Amino acid sequence: MAPELHPRSGRQPRGLARRFQRRPRGPRVCSTPPPSGACAPGSPVVTSAITTPLATTLRTHFGGALRRTDTGTTVTIGGWVHRSRDLGGLVFIDLRDREGLVQVHFNPHWTAAEVIAAASTIGVESVVLVEGVVAERPSEMLNPNLATGAIEVRATSIRVVGPAATPAIPVALDKEGKLPAEELRLRHRVLDLRREELQRAFMLRHRLMQVTRRFLSGQGYLEIETPILTKPTPEGARDFLVPSRVHAGEFYALPQSPQIYKQLFMCCGFDRYFQIARCFRDEDLRADRQLEFTQIDIEASFIGREDIIAMAEGLIQALWAEAGVAVETPFPRMSYAEAMERYGCDKPDLRYALEIRDESRVFAGSESGIIQAALTAGGRVRGIRVPGAAAWSRKQVDELEAIAKSAGAGGLVRLKAANGVLEGPLAKFLAAEAQAALGLADGELFLGVAGPDRVSSPALDRVRQECARRLGLVDERQRRFLWLLDFPMFEQDPDSGALTAVHHPFTAPNADDMAAYPQSPERWRALAYDCVLNGTELGGGSIRTSDPAVQSRMFELLGIGDVAEQERRFGFLLEGLRAGAPPHGGIAFGFDRIAMLLAGASSLRDVIAFPKTTAARALFEGAPSVVPAGDLEVLHIRTVEST
RNA sequence: GGGGGCGUAGCUCAGUUUGGUUAGAGCACUCGACUGUCACUCGAGAGGUCGCGGGUUCGAGCCCCGUCGCUCCCGCCA
């Protein structure tokens, strides 16, 4: 694992930071270096970079970018009144623009009386243009909390160009810094987005996009757009449908991802493609899930898994570097089977141990009916040892059991070791040497689940995560990147035996597995890979099937055996493959999620300008909304009362 | 579709446990005072459908039923 160079301090590793701060020279508005952006402690954000003149016919400088070196300059700055202080005769206005705050000082020594009077009446959040001279503050008047704190603008005039109604929610927060309710923040998004924290997040997001383009373009990837109005996909998430006016009763769908298009680009011979692509999935929302989201979508020809992984590691490295974080490559790797065995999930958080182990042998002789039933049915008893948890109360362990049950387990086997003795409902069924066999030290708690892996893995995954949280084992400063490899090709429904694609139907199966177990597709592994960071999936991809016959066979295994049906649903992909397809593969990263992580945000909503609520509403613009009946008629649509 | 949390002044909250006169605080807002503030300070004032609807009660912000909104989670998200 990469050494952590600069945990959450906001400091950057010197060399990297310098390299990424260097920007093309251009004529500058200010005689100052790029504004520091007034990074708050804890923020990994580097700076925003101004590469073109931002002076306009109305404004000469960004007030927030002024520095001591600008002393003596006559400036005209424009911005929002963040706060003002009227001392009676003296007026101070903190003027805010996207580069930060600067104090504007109105004083009878340099300001006309009527200008001071005007300044004293301007409401917060109004937009003003101020003319004045940059001056050093007296030494005892410096403000170390402000990037511009060494200077102030001594105003000679002020003009209100955009008077503001009293803000519905505060932009300038008070000392406690408590945010308004999220509902209000979304409803009054224009005000919310004025806050420095969000401004910085969006500036970072912008830079991450530019890094992505620079990096991929530099590696020969072509940015090509794909349709937004496209064909419904019969598998995967629910589609957003768009009615066709021209063709009554027919619908477009918004893309869940440009998957098929990007494979077709390979068939076209574009060789390397990328797109910062908007994707749409009509599923219920979460803190980290929106209806529309942005993917860094990548596909390349004549490549193998290692090519994609190496490219992706380079991209991750460049993205994290832009946020001032050094990432060491290559990332460690783990097979799906190992991850499920040791962590119970396919995106393990490696920042803490609490690994799952098979303890079936210890329980094999036990008289417990539940355990015996599970073992006889071919299941196992697996569990984790939790240090210090023997002291947890009955209630606390019950809560863990509830978590395990909600994940599908029948219950939680609990054994605590104290003074060399095992305690717990099942202790009486176990041999005297069971504690040693479990490797359970005094003070430790064993939490186990009996049953098939398909039940115990997800349950123990959840229990493991909750225990880590409770014990404070999650080190927020650590970054544990990981490649998850060798996913199974298919998932089998335990009841019907029907196969579904674990990744997607276009992923290529491992050729060795196909040859070794031609009759057992459920044993085939896929040439798929996921990039995981701290228990979060950043992205995933696969080598694709480029042989139309193999692709047709995959559809067949997935229950689409009818050739006409295959053609109807996927004909345009099969046609591309039949026209001569190079070996190809790709990957897609969740861009919003990456921006969220690097901005230190806890919700995707903080890195999306106008996000939807968890009830799928856009509160600011008021979407969705009813439309006039006539509009529906043109689209050959009639609404019905829902039951 | 299911479960948990929240909803009182423009904003953040107290008041709900145990129903009882006219529902409070801080910030913001309005007016006034104040010449180095930076959360300026000080004085005065205005500001409420207690999310909404129904019910119980002599009486409901508080109890009951329903409903809406936001949020976290499960299902769902190839």
Side-chain angles (χ1 to χ4, degrees), chain A residues 82-95 101-109 111 116 120-121 123-125 135 137-146 148-149 152 154 164-188 191-192 233-239 256-257 259-260 279-291 293 402-403 405-408 458 462 466 487 489-491 499-507 526 528 537 540 542 554-555 558-559 588 590 602-603 605 612-617 619:
Chain A
H82 188 67
R83 251 192 276 270
S84 64
R85 295 170 290 282
D86 177 1
L87 274 61
L90 284 191
V91 175
F92 298 92
I93 289 180
D94 290 339
L95 195 68
L101 295 176
V102 67
Q103 173 166 282
V104 180
H105 185 176
F106 300 80
N107 186 305
H109 285 118
T111 317
I116 296 179
S120 70
T121 64
V124 291
E125 295 311 315
R137 296 191 188 193
S139 58
E140 65 278 20
M141 302 301 165
L142 303 180
N143 184 345
N145 300 319
L146 233 47
T148 59
E152 63 186 5
R154 297 188 167 165
T166 300
I169 57 170
V171 176
L173 299 176
D174 65 14
K175 195 167 75 176
E176 287 165 18
K178 184 136 208 272
L179 292 173
E182 183 147 21
E183 179 177 359
L184 296 167
R185 291 179 48 205
L186 293 175
R187 187 152 279 147
H188 308 287
L191 293 170
D192 194 40
T233 43
E235 294 189 59
R238 230 170 270 124
D239 282 318
Q256 295 182 27
S257 83
Q259 180 61 35
I260 292 179
C279 306
F280 306 85
R281 294 179 191 175
D282 189 6
E283 297 291 347
D284 288 351
L285 294 84
R286 288 281 195 287
D288 62 350
R289 247 165 44 194
Q290 282 275 311
L291 298 180
F293 58 98
I403 288 171
K405 282 181 170 174
S406 78
R462 298 273 301 281
E466 175 61 19
F487 281 83
M489 187 70 198
F490 301 105
E491 204 168 25
L499 298 179
T500 52
V502 167
H503 192 62
H504 58 52
F506 320 116
T507 295
E537 182 190 331
S542 65
M554 290 304 131
F555 288 141
L558 290 167
S602 55
S603 163
R605 293 184 293 269
K612 310 286 186 284
T613 67
T614 50
R617 276 193 185 281
L619 293 183

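Everything quoted here is computed from the prediction, not taken from an experiment.
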Carboxylate-amine/guanidinium proximity below 4.0 Å for Asp94(A) and Arg85(A): yes
Span that lies between the C1' atom of rC62(B) and that of rU16(B), in whole angstrom: 4 Å
Position toward the 5' end of RNA chain B (nearest nucleotide), Gln103(A) or Val124(A): Val124(A)
5' priority, RNA chain B, between Leu179(A) and Glu152(A) [closest heavy atom]: Leu179(A)
Sugar-phosphate, base or nothing in reach of Glu537(A), heavy atoms under 4.0 Å: nothing
Sugar-phosphate only, base, or nothing, as touched by Leu173(A) at under 4.0 Å among non-hydrogen atoms: nothing
Among rU35(B), rG36(B), rA39(B), the nucleotide that comes nearest once only the side chain of Arg83(A) is considered: rA39(B)
d(CG, Leu184(A); C1', rA28(B)) in whole Å: 14 Å
Per-nucleotide protein contact string for nucleotides 66-78 of chain B, where B marks a base within reach and S marks sugar-phosphate only (heavy atoms under 4.0 Å, - for neither): ---SSBSSBBBBB
Sugar-phosphate, base or nothing in reach of His105(A), heavy atoms under 4.0 Å: base
Donor/acceptor link under 3.5 angstrom from Asp174(A) side chain onto base of rC27(B): no
Gap between atom OG of Ser602(A) and atom CG of Asp288(A) - 0.5 Å precision: 11.0 Å
Separation of the P atoms in rG15(B) and rU8(B), to the nearest angstrom: 14 Å
Complement of rG7(B), any strand, by Watson-Crick or G-U distances under 3.5 angstrom: rC68(B)
